[in-house]
Amino acid sequence: MDGGCRESGRIMIYHWKFKNLPERCSIMTEMAEFQGLKAFRFALKRVGGKDSKTMVYFICTNLYKTGFKIEKVSLKIKGKPYLDGHMQAERNDELDHLQLFIKQVNCDWKKQETITFGVHVVETVEHYHYQLSDVLFTEHLWTAAQNKLWTDIEFSVKNHIYSAHRAILAARSPTLFVSDSLIEGSRIKIEHTDPIAFEMFLRFLYTGIFKVNNRKGINEEVLQLAERYQLSTLKSLCQLAVQDINANQLTYFAMAMKPDFEICPKKPQLNEKTVAQLFFQKYYGVIECVWRVEELPDDDQVFTSDLLHFRNDGAFRAGLADHPVTKHSTLLSPQHFLYLACSHLEKTGTSISHVDSYIDGIDCYRMDRRGEKALYIFGRELFDLVVPCAFKFDIMIKETVENYRYQLIDSLRAIDLWNMFQLEIITDVEFLVGEKTFAAHRVIIATRSPVFATLFNTSTVESVTGKIRIDDAFAPDVFREFLFFLYTGTLQVSANCQPLLKMAERYQVETLIQICRMASQEIDVEEISTSLIWLCSLKIKLQSRVSFR
């Protein structure tokens with residue numbers, strides 16, 4: 001992707017429903033969890049009488065231990081669109097150990113209300129982020145290790161035996177890569193380590209997933225293993241996990257909050273009939289695009305950005321148009337029109353929920369939407385625009401393929417495994433495709449394809465010799481892309497490839513089948529024409545281009 005477009009964490013949606021609140025009250029939710037840790041709490045203080053007002057709070061603790069921080073928090077109250085907006089960040093410590101967001105809402109409360117929070121979390125650890133990939137890729141190798149399928153080495157940890165694959169260990173750990181102990185059939189003894197800590201370490205090697213353990217001392221032992229075996233991402237995560245919020249931070253935070261709570265010194269009692277419930281609804285992946293404009297279009301012109309590609313198939317293009325003057329125009333009419341066109345997103349296994357736009361980082365606006373799937377167009381009318389300025393688009397996307405989802409994972413895992421394939425290290429099977437030979441790793445191929453698993457588990461010539469001839473109908477380049485998906489869970493080419501689909505069907509790689517079928521769907525011309533007619537109704541002409549930067 002171009003530098004003007006990046007995947008930026010995710011937004012989690014929470015609903016807080018309550019009814020029968022008294023005029024003066026303080027109420028807060030139970031702690032909500034993130035990655036197994038209690039991290040979020042929502043609170044509300046209502047003061048009635050002459051100076052009636054309501055303060056809404058969002059407090060974040062412990063999130064830093066998971067390698068995340070809060071980027072921003074939005075708030076919506078059902079039936080009160082005039083109150084929609086972002087909560088103000090207040091009193092965050094320099095390490096983001098504690099974060100507080102506040103918003104004052106002055107309105108007449110009904111018997112029953114619903115507040116919706118959008119919590120945007122972003123990553124703080126390099127290489128540990130949400131990645132759109134095959135979730136089965138994460139599960140398959142670890143399952144093979146647990147079930148001792150094609151394992152060729154063991155670890156002994158305080159009377160616990162863990163089976164593993166030399167190829168996976170060498171790919172993931174520079175220390176094990178050069179170790180003399182990594183010999184087929186050997187058993188490596190691990191001293192002074194709790195089996196729980198070692199299993200967390202081994203699981204991270206296989207899956208790239210880390211979860212903080214609340215048992216005393218376990219995270220410290222995993223940190224020691226990460227340092228010993230040179231796993232940089234795991235080391236960074238463990239260093240965060242073992243940090244604690246100190247007394248000075250808590251005291252500062254409490255004192256900073258005190259003025260807000262002095263409004264009502266004593267906590268009022270809630271009515272017996274007061275009911276409150278918080279629940280998590282869903283999350284969106286976030287794609288962030290930034291477009292800088294140095295001058296304004298006029299005379300029915302439109303400036304457009306370069307076409308920005310997303311995951312080989314999807315594409316974005318922004319535009320800024322001079323709003324046409326009509327006989328009905330007034331001083332209150334918009335001067336410009338901002339739009340974002342998105343095409344072929346369904347071919348990437350995702351769809352767009354909505355788009356929020358910002359001008360110079362502020363002035364958030366939920367853009368109007370036209371079109372579906374084949375061509376989305378999101379628009380916004382602009383008044384008194386001043387240049388130079390930067391438009392930012394937060395594109396909220398949802399996954400549409402069952403096992404192709406955003407996962408919080410070490411992105412180096414896929415790179416490490418693919419490098420082992422490219423360097424042909426500890427390979428034990430060969431594929432003959434046309435005039436080319438591909439050396440690969442049996443455990444990866446077998447765990448990812450039921451057809452190859454059956455082949456390797458039977459007494460066939462191919463299983464014994466480790467040499468497999470692939471049908472001449474498949475070109476070597478297609479087979480290499482097929483192997484790339486098996487090793488990484490992602491694609492580096494367009495999924496709209498019929499030979500790749502046929503190969504996925506031949507070897508029963510279910511997620512790849514779904515992705516390729518989705519990408520191969522015919523474009524719905526009716527959807528496209530509806531979107532284009534709406535855009536053309538603006539009576540604008542393409543004149544010049546301004547690039548995403």
Side-chain angles (χ1 to χ4, degrees), residues 1-11 71 120 122 129-133 284-295 297 301-321 336-361 364-380 382 387-400 404 406 411 490-496 515 518-519 523 527-528 531-532 534-535 540 542-549:
M1 291 168 60
D2 191 89
C5 179
R6 66 186 182 93
E7 291 172 82
S8 174
R10 71 172 184 174
I11 290 182
E71 179 78 1
H120 187 176
V122 294
H129 53 77
Y130 282 100
Q131 184 176 13
L132 187 61
S133 61
Y284 299 110
V286 184
I287 303 173
E288 179 185 283
C289 293
V290 178
W291 182 37
R292 294 176 179 84
V293 176
E294 302 295 332
E295 57 181 309
Q301 291 179 326
V302 59
F303 294 164
T304 66
S305 71
D306 290 330
L307 190 65
L308 207 62
H309 292 283
F310 174 68
R311 296 194 169 271
N312 305 306
D313 288 298
F316 302 112
R317 172 166 280 165
L320 179 64
H336 297 91
F337 183 82
L338 176 69
Y339 70 87
L340 181 72
C342 315
S343 63
H344 296 102
L345 262 294
E346 82 285 357
K347 292 181 178 292
T348 68
T350 63
S351 65
I352 297 181
S353 171
H354 57 274
V355 176
D356 289 336
S357 63
Y358 302 80
I359 302 175
D360 291 329
C364 176
Y365 180 86
R366 178 68 52 85
M367 300 183 77
D368 299 326
R369 170 176 172 167
R370 298 291 188 278
E372 292 287 343
K373 297 181 181 178
L375 180 62
Y376 299 89
I377 296 179
F378 297 86
R380 171 182 182 177
L382 299 176
V387 291
C389 66
F391 299 113
K392 184 168 80 74
F393 305 92
D394 281 348
I395 305 164
M396 314 301 170
I397 63 174
K398 303 177 291 185
E399 306 99 327
T400 57
Y404 198 57
Y406 277 99
S411 61
T490 62
L491 284 171
Q492 58 183 355
V493 298
S494 171
N496 188 15
I515 296 171
M518 183 76 71
I523 295 175
E527 290 178 355
I528 289 183
S531 300
L532 289 177
W534 179 68
L535 191 60
I540 53 183
L542 299 178
Q543 296 288 339
S544 57
R545 174 169 295 175
V546 181
S547 299
F548 275 104
R549 293 184 176 88

Given side chains that start at C-beta, do those of Arg292 and Pro388 come closer than 4.5 Å, heavy atoms only? no
As a quick check of understanding, evaluate side-chain contact (heavy atoms from CB on, under 4.5 Å) for Met396 and Asp356, giving each step before the final call. CA-CA 8 Å; Met396 314 301 170; Asp356 289 336; 3.7 Å; yes
Can you check whether Phe316 reaches Val355 side chain to side chain, under 4.5 Å on heavy atoms? no
Backbone of Ala390 reached by a side-chain donor or acceptor of Asp360 within 3.5 Å: yes
Whether His354 and Tyr284 hold their rings parallel, tilted or perpendicular, with breakpoints at 30° and 60°: perpendicular
Any donor-acceptor N or O pair under 3.5 Å, side chains Arg380, Tyr365: no
From the list Glu399, Lys398, Glu7, side-chain hydrogen bond (donor to acceptor under 3.5 Å, both in side chains) with Tyr406 holds only for Glu7
Measuring from atom CZ of Arg311 to atom CD1 of Ile515, what distance do you get when rounded to the nearest 0.5 angstrom? 9.5 Å
What verdict does the side-chain contact (heavy atoms from CB on, under 4.5 Å) test give for Leu338 and Ile359, after you've listed the backbone C-alpha separation in whole Å, the side-chain angles of each residue and the deciding distance to 0.1 Å? CA-CA 11 Å; Leu338 176 69; Ile359 302 175; 5.8 Å; no
Could you tell me the separation between the CD1 atom of Ile287 and the CZ atom of Phe310, rounded to the nearest 0.5 Å? 3.5 Å
Heavy-atom side-chain contact between Phe378 and Ile395 under 4.5 Å: no
Nearest 0.5 Å please: distance from the OH atom of Tyr358 over to the CD atom of Glu288. 9.0 Å
How about Glu346 and Ser351: do any of their side-chain heavy atoms sit closer than 4.5 Å? no
Minimum heavy-atom distance Gln131-Ser411, with the two atoms named: OE1-CA, 4.0 Å
Can you find a pair of side-chain heavy atoms, one from Thr348 and one from Leu132, that are under 4.5 Å apart? no
Contact check, side chains of Trp291 and Leu340, non-hydrogen atoms, under 4.5 Å: no
Would you check if Tyr339 and Val302 make a side-chain contact, meaning some heavy-atom pair closer than 4.5 Å? yes
Give the minimum heavy-atom separation between Leu307 and Arg317, together with the two atoms involved. N-NH2, 3.3 Å
Point-to-point distance, once rounded to the nearest 0.5 Å, from CG of Asp394 to CZ of Arg366: 10.0 Å
Taken to the nearest 0.5 Å, the spacing of Gln301 CD from His336 NE2 works out to 9.5 Å
Between Ser357 and Phe393, which heavy-atom pair has the shortest distance, and what is it? CB-CD2, 4.1 Å
Closest heavy-atom contact between Phe303 and Pro297? CE1-N, 3.6 Å
Hey, does Ser8 have a side-chain heavy atom less than 4.5 Å from the side chain of His120? yes
How far apart are the closest heavy atoms of Thr490 and Tyr404, and which atoms are they? CA-OH, 4.4 Å
Okay, side chain of Arg369, backbone of Ser353: is any donor-acceptor separation there less than 3.5 Å? yes
